[in-house]
2 protein chains.
Amino acid sequence: MTTEEARQATAGTRAQQLAGARPAPSRARAAAVRPGARVRPEHARRHNRALVLQALYRGGGMSRADVAREVGLTRVTISDLVGDLIAENLVIELGIRPDSRPGKPATLLDINRSGFSIIGLDLSHNAAFRGVVTNLDGTVLERGEVAVTGVTGDAALDAVCALLDDLLARANAPVIGLGIGSPGLVDLDGTVVSAPNLDWHGLPLQRIVGERYDLPVQVANDANMAAVGERSFGGAGADMMLIRVGRGVGSGIVVGGQLVYGSGFAAGEIGHVVVGTDGGDPCACGKSGCLETWLATPRLEVRLSAAPDDAAREAILREAGERLGISLGPVVGALNLGEVVLAGPQNVLGGALLEGTAETLRSRTMAELHGDLTLRMTTLGRDIVVLGAVVMVLTGQLGVS
Amino acid sequence: MTTEEARQATAGTRAQQLAGARPAPSRARAAAVRPGARVRPEHARRHNRALVLQALYRGGGMSRADVAREVGLTRVTISDLVGDLIAENLVIELGIRPDSRPGKPATLLDINRSGFSIIGLDLSHNAAFRGVVTNLDGTVLERGEVAVTGVTGDAALDAVCALLDDLLARANAPVIGLGIGSPGLVDLDGTVVSAPNLDWHGLPLQRIVGERYDLPVQVANDANMAAVGERSFGGAGADMMLIRVGRGVGSGIVVGGQLVYGSGFAAGEIGHVVVGTDGGDPCACGKSGCLETWLATPRLEVRLSAAPDDAAREAILREAGERLGISLGPVVGALNLGEVVLAGPQNVLGGALLEGTAETLRSRTMAELHGDLTLRMTTLGRDIVVLGAVVMVLTGQLGVS
DNA sequence: TTAGTTAGTAAAGGTTACTAACCAAATACG
DNA sequence: CGTATTTGGTTAGTAACCTTTACTAACTAA
């Protein structure tokens, strides 16, 4: 939906369009009922099936009756759905509920968490593509990586396949899908519109990998996947932003529980927005004072290494944090975010920088807001992108998150 | 869903939470399958019915077969649904399609646009509450207002009811619902959490009005409703932001076609976010350099009246626009908005101010972005909030927008 | 032992949307 | 002019789905 509507949005920079005329009712707008929006019985069933999986995924060890109460369908229907799921081996019976209370004892159910595998890839690091095999829980079972320093274009695509070959060979359970977090702009079909570092332009990665391995594939931007991972496995709320700091600065934004893609699939690209009104270093993009010039780790490390003492280093970090806070203020305020999470090198981000950001946000946004705002580091460490990729597969294949 | 998940998001300002531990899988999260998420046959039917209405609403003068092709259901099903809708008088037959082509001529359908009325209210102006009666098209049929200068609390509620009494008496067709755009924070249930100007705190306006008139009521924040109105009747895209400038500065944000509420129902509240890093006038909120100190019309008009000539006035307006651009840069970049629309006094916003904002956005965000960005004034004029309220009713009652 | 409670299954029923087949009414064409 | 073709819309029957009702199983409480 977003895609279509975005595409048909008026393009071009008509900087002004002064008018005061009566509203022309909107019926002239092109038809845009998204295909597949209709609900047929099987769609309804699939939806309800996903609800059952979701309920079990979150609170394993429930009985059919528990699920029925939580989902709002009858015990009969839930039994039927669970029957299907057990036949597919997605759900297993754990045995009889141990506690003693009146009535027939319940048969506890759970997702078959170790019965299937998911593969998640992170293509965002410069030196290597990293990947994991997890179970349905997101528990990492296997790890792999391929060195890709200086590798671009088709060779980079080959590296992705090599890594997938390796991980698929090491997966002990059937793989329900592949998730790939790629740098650059990625559209809703999993086509990498533009990833300069890998020299990918319009590469339909999701389709290519899907056809090669005959498995469901989810490709999305790395920072967006990180946001999704933080939300599911890091416990973040429904209105949150995840800032990734590394060689560049990117982010993923979740609003109302939904990942934001933006009108041109470039949501979260905050690295080249100018911060403040007092200049700044020139940036590779041609402007000066972009967020990246303040925050990207290569520049920060140069500055830190030139600092005479710890106090000077802390001041540098704090200033970087302040710049991040200045940049985030309008976003946090406009979206009324409940949570901002930082991901990147702990030793750089975790201390004075985080404090500087928190203080700046506090001093520059409304009191009502920062009372509810949580600012913290991610708890997922370097796995944040691959875990996000795993969540995307879980969501796409099972409707679970 | 947003509500619940937002509520259960961790509160408090734990400014830091340093950690590197393995992710604790998310299953500990409280069960949160939103009630009513299940799909029963009647829900599916209601959804499909809304698709039919939506198709007809956008492109009136379609045949049943046209609708079937667009929605993706069979002619048989569409005929059945249309039969229901005709029985309810929501859809009417226009007659035989005039053009000549092979096959049985089609019977054209349309929403019964003049068969029902909607009432929209705008409580955001200081001197008066304004309201309209429209048909289903959003065409204004009647207008009304009540003076409310200095009126607050229960008296303001009485004024709302007086205005509604007046408009209901003047509505010639059955009213399908009431939409009310209120200043302040409004939650998803239509409770005005806080509207200082009206001295409303925790007022369940939607419930009160709904019980009093026994009609469906939609209450939401005025700027949010304006955004919804601009999207439906102003032709704005799926990722847009509407900035309302008046005594204060507020906004409504639409992301992926969905209105943003925020973790505390305060999304869009950008008036008290500090702009830039070079000071600014003190603000009533206690900070200095808030967006409102640069942009709110009372202050702007004071400055303009002190200006010696037109050039000085234009410089003042341009600077205000620049400040808006500085503030919007991170939001436009982070959300990859496709459209930013200004609403407020045309003579203040329409000229140099808008230009200043456009130039500032261009110079402070990524080139890839502002190529797709449209910045313009609304075409809906002073009706923007009431029309948004009408759209909220259309969406809530008919699933149409 | 009896009553009451809870889990799970079975049978029957009502909705929903589908397919297949049909009629209606126009154009296309020999 | 008459037949074939095309398109719109309806009728009849079917499959899928969830519900209600009723049942069995298995436990606690007294």
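Quick note: numbers below take in every heavy atom, side chains included, and nothing from hydrogens, waters or symmetry partners. Naming: A, B, ... by sequence-line order, numbering from 1 per chain.
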*Pick base, sugar-phosphate or nothing for Arg49(A), based on heavy-atom distances below 4.0 Å to the nucleic acid.*
nothing

*Phosphate OP1/OP2 of dT16(C) contacted by Asn48(B) side-chain N/O (<4.0 Å)*: no

_Flag for Asp80(B)-Thr77(B): side-chain donor and acceptor within less than 3.5 Å_ = no

*Return no unless some side-chain N or O of Ser63(B) is found under 4.0 Å from OP1 or OP2 of dG9(D).*
yes

*asked:* Rounding to an integer number of Å, can you tell me how far Ile78(B) CD1 sits from dG8(D) C1'?
replied: 14 Å

_Rounded distance in Å - NE2 (His43(A)) to P (dC17(D))_ = 11 Å

*Toward the 5' end of DNA chain C, which comes first, Gly103(B) or Ala44(B), by nearest nucleotide?*
Ala44(B)

*How close or far is atom C1' of dA16(D) from atom NE2 of His47(A), stated in whole angstroms?*
17 Å

*Reckon Thr74(A) has a side-chain N or O less than 4.0 Å from the OP1 or OP2 of dC18(D)?*
no

*Within less than 4.0 Å of OP1 or OP2 of dG9(D), is there a side-chain N or O belonging to Ser79(B)?*
no

*Which nucleotide in the list dT11(D), dG8(D), dT19(D) gets nearest to the side chain of Arg69(B)?*
dG8(D)

*Which listed nucleotide (dA7(C), dG9(D), dT5(C)) is nearest to the side chain of Ala65(B)?*
dG9(D)

*asked:* Can you list everything that forms a side-chain hydrogen bond (donor to acceptor under 3.5 Å, both in side chains) with Thr134(A)? Sequence neighbours excluded, please.
replied: none

*Which whole-number value in Å describes the distance from Met62(B) CE to dT7(D) P?*
17 Å

*Quickly work out the Arg40(A) CZ to dC18(D) P distance and round it to whole Å.*
15 Å

*asked:* Check this one for me: any side-chain N or O of Arg75(A) less than 4.0 Å away from OP1 or OP2 of dT9(C)?
replied: no

*Does Arg64(B) come within less than 4.0 Å of Glu93(B), counting only side-chain N to carboxylate O?*
yes

*Using a cut-off of strictly less than 4.0 Å, decide whether Arg45(B) has a side-chain nitrogen or oxygen near OP1 or OP2 of dC18(D).*
no

*Distance in angstrom units between Glu42(B) CD and dT16(C) P, rounded*: 7 Å

*Using whole Å, report how far CG of Leu108(B) lies from P of dT7(D).*
16 Å

*Counting any heavy atom closer than 4.0 Å, what does Arg46(A) reach on the DNA or RNA strands: base, sugar-phosphate only, or nothing?*
nothing

_By nearest heavy atom, map Lys104(A) and Glu93(A) onto DNA chain C; which one lands nearer the 5' end?_
Lys104(A)

*Separation of Asp80(B) atom CG from dT19(C) atom P, in whole Å?*
15 Å

*asked:* With a cut-off of less than 4.0 Å, is there a side-chain N or O of Thr107(A) near OP1 or OP2 of dA7(C)?
replied: no

*Write down the atom of Ala55(B), the atom of Val71(B), and the distance for their closest heavy-atom approach.*
CB-CG2, 4.2 Å

*asked:* If the cut-off is 4.0 Å, is Arg101(A) near the phosphate of dA7(C), judged by side-chain N/O to OP1 or OP2?
replied: yes

*Between dA25(C), dG8(C), dT6(D), which nucleotide gets closest to the side-chain atoms of Pro102(B)?*
dT6(D)

*asked:* Among residues at least two apart in sequence or on other chains, which ones pass side-chain hydrogen bond (donor to acceptor under 3.5 Å, both in side chains) with Thr395(B)?
replied: none

*Are Arg207(B) and Glu211(B) within salt-bridge range, i.e. N to O under 4.0 Å?*
yes

*asked:* Taking atom types as they are modelled, would you say the side chain of Arg64(B) forms a donor-acceptor pair with the base of dG9(D) within the 3.5 Å cutoff?
replied: no

